[in-house]
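Before any comments, here is the structure.
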2 protein chains.
Amino acid sequence: MDRPLQIDELLCFSVYSVNHAISRLYRPLLAPLGLTYPQYLVLVALWDRDKRRVNDLGTELQLDTNTLTPLLKRMEAAELLTRKRNPEDERSLIVALTDKGRNLQDKAGEVTSCVLEAMGGDIEELSALRDRLNALRHKLEQQ
Amino acid sequence: MDRPLQIDELLCFSVYSVNHAISRLYRPLLAPLGLTYPQYLVLVALWDRDKRRVNDLGTELQLDTNTLTPLLKRMEAAELLTRKRNPEDERSLIVALTDKGRNLQDKAGEVTSCVLEAMGGDIEELSALRDRLNALRHKLEQQ
DNA sequence: GACGATTATATCGCGTACGATCAATATGGT
DNA sequence: ACCATATTGATCGTACGCGATATAATCGTC
């Protein structure tokens, strides 16, 4: 009864493994757009709400500046966004999409379709899974 | 109806985010044992089946040698395992637990308990979530 | 208006991930 | 025995993720 769990039986490994599988699924779809998977997530966040401070992006994506700063610099170098000091408060940096970054949203629709298809296409079931994961995420974040 | 999804509505982001949250949950629990989260997963795999080739471990964990080789070398340096050429086939390398690596299994029980508690403790629900994720994982792997 | 505390971002170091490539060993056909 | 081919790990370069620390700007208090 108190037998040690096999790796397939660990929820944490399932999450770890599915995350990698999703990352591998996105990679070839995003490569033609010159994007990595985390960069794509940053774009999704910015498409929803543009012109945000680095920390605000970090709160939403659960990433600190030690990850975001170099990531955003690469995206700035790729001309997907701009990084400008806020004149109101010179400590903060406003991240804003360029036209190039905004326009990628059209192509992202195809990516989403491909991913949905690879996942089986049952929207109801995938939404339910997403809600369960978000609930778990909130439980873990409030530790 | 065809409104672009917000980031909270993407299943892929839920998985990404929960994975990071789990990693952050394990970090302080594993640090006293001198383990990182991926290293812990390697140990779980080895506790189940010891003395395996690098590729076999990689198949189970869905990691290639470019990730595993340095990871296993660090674990060898920490004396958690040994890496020895297989005399039967000099191409392959057998990864085997040391006593130190094997003995960590006892302490791992506490880690599992802590994680379970942080996740809410409802084993039925967590198992169901795990099974759904494993199903998704298998769907993604057979692409 | 000077100064300590706070806030916002940047930097450094280490450890994964992974595509691409390489070196060593084994195997099968001739 | 010989050689093309396949298998197995190792290596290299780039990009996250994050703990720890640094730097710069702002705020609060006096």
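Within every chain, numbering begins at 1; the chains are lettered A, B, ... in the order of the sequence lines, protein sequences first and strands thereafter. Keep in mind that this is a model prediction, so the values were computed, not measured.
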Is the count of non-hydrogen atoms from other residues, nucleotides or ligands lying under 6.0 Å from B:Leu116 atom CG greater than 12?
yes
Which residues in residues 77-90 of chain A have a heavy atom closer than 4.0 Å to any atom of DNA chain D?
A:Asp89, A:Glu90
Base-contact (B) and sugar-phosphate-only (S) positions in nucleotides 11-17 of chain C, heavy-atom cut-off under 4.0 Å, - elsewhere:
BB--SBB
Under the side-chain contact (heavy atoms from CB on, under 4.5 Å) rule, collect the residues that match up with A:Thr67, sequence neighbours excluded.
A:Leu63
Is it the case that the side chain of B:Thr59 and the backbone of B:Asn55 share a donor-acceptor pair, with hydrogens and angles ignored and the cut-off at 3.5 Å?
yes
Please check: side-chain N/O of B:Asn86 versus main-chain N/O of B:Glu88, any donor-acceptor pairing under 3.5 Å?
yes
Qualifying residues under salt bridge (Lys or Arg N to Asp or Glu O under 4.0 Å), relative to B:Asp89, sequence neighbours excluded:
B:Arg91
Does CD in B:Glu79 sit with more than 12 non-hydrogen atoms of other residues, nucleotides or ligands closer than 6.0 Å?
no
With a 4.0 angstrom cut-off to heavy atoms of chain A, pull out the first and last contacting nucleotide of DNA chain D, in 5'-to-3' order.
D:dA15 to D:dT26
Test side-chain hydrogen bond (donor to acceptor under 3.5 Å, both in side chains) applied to B:Arg74 - qualifying residues, sequence neighbours left out:
none
What residue pairs, at least two apart or across chains, pass salt bridge (charged side-chain N to carboxylate O under 4.0 Å, His left out) with a residue in residues 93-106 of chain B?
B:Asp50-B:Arg102, B:Asp99-B:Arg102
side-chain hydrogen bond (donor to acceptor under 3.5 Å, both in side chains) filter on B:Gln62, not counting sequence neighbours, yields A:Arg24
Got a sec, which residues hit ring-ring contact (aromatic ring centres under 6.0 Å, His included) with B:Tyr37, two or more places apart in sequence or on another chain?
A:Tyr16, B:Tyr26
For nucleotides 1-6 of chain C, just jot down a letter per nucleotide in 5' to 3' order: B, S or -, based on protein non-hydrogen atoms under 4.0 Å.
------
Those residues at least two apart in sequence (or on a different chain) that pass side-chain hydrogen bond (donor to acceptor under 3.5 Å, both in side chains) with A:Arg53 are A:Asp56
Residues in side-chain hydrogen bond (donor to acceptor under 3.5 Å, both in side chains) with B:Arg52, at least two apart?
B:Glu60
